[in-house]
**Q** 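Can you keep this structure in mind? I'll have questions shortly.
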Amino acid sequence: MPSLTTFVIGSFATYYLARCVSDKEIEGPWSVFLRIRNLFVEDDWKGHGVRCAVCVSCYSGLLITIGLVALGSADVWGFPIVWLGHSGA
C-alpha cells in the first residue's frame, strides 16, 4: 500500500484529471482536454464515457495507480484497492 501522502496526492491528481477531461468549460493548455473530448463526440458509450466525471475518474485512477506501481510506491497485490480508492468508488 502507498503511504498516506502518496495516496492523497494520487487521489487529488485523479480528481483533477477527471474534472479537466469531463468538464466542457475547461480547455486546458493547448486545448488538450478539448481535443480529447472532440475525439468522442458521438452519442454512444465512448462519448458518454468521456463526458462522465465518474467514468473518467475510473480511467484516470487506473493510470495513476499503474504509475504508482511502476514507480514502486504501491503494491501489486493492493492494486485493486488503491485503484478504487483513487477513483472514489
**Q** If you define the side chain from C-beta out and look only at heavy atoms, does anything of Trp83 sit under 4.5 Å from Ile64?
**A** no
**Q** Which heavy atom of Thr14 sits nearest to which heavy atom of Ser87, and what is that distance?
**A** CG2-CA, 4.3 Å
**Q** Hey, any chance Phe12 and Ile9 share a hydrophobic cluster, counting ILVMFWY side chains that come within less than 4.5 Å of each other, even indirectly?
**A** no
**Q** So which heavy atom on Gly49 is nearest to which on Val56, and how close?
**A** O-CG2, 3.3 Å
**Q** For the side chain of Arg51 and the backbone of Lys24, is there at least one donor-acceptor N/O pair under 3.5 Å apart?
**A** no
**Q** Is any side-chain heavy atom of Tyr59 less than 4.5 Å from a side-chain heavy atom of Leu63?
**A** no
**Q** Using the side chain to side chain contact (heavy atoms under 4.5 Å, CB included) definition, which of the options Leu17, Asn38, Val50 pairs with Phe33?
**A** Leu17
**Q** Report yes if some heavy atom in the side chain of His86 is under 4.5 Å from a heavy atom in the side chain of Ser11; otherwise report no.
**A** yes
**Q** Any donor-acceptor pair under 3.5 Å linking the side chain of Ser22 with the backbone of Ala18?
**A** yes
**Q** Can you find a heavy atom in the side chain of His48 that is under 4.5 Å from one in the side chain of Asp43?
**A** yes
**Q** Linking I/L/V/M/F/W/Y whenever their side-chain heavy atoms sit closer than 4.5 Å, directly or via other members, would Val76 and Leu68 fall into one cluster?
**A** no
**Q** Are any side-chain N or O atoms of Arg37 and backbone N or O atoms of Val21, one a donor and one an acceptor, separated by less than 3.5 Å?
**A** yes
**Q** What's the spacing between Leu84 CG and Leu62 CG if we round to 0.5 Å?
**A** 10.0 Å
**Q** Verify the cluster assignment for Val32 and Ile26: are they in a single hydrophobic cluster under the rule of side-chain heavy atoms below 4.5 Å apart?
**A** yes
**Q** Is atom CZ of Phe7 surrounded by more than 12 heavy atoms (other residues, nucleotides or ligands) closer than 6.0 Å?
**A** yes
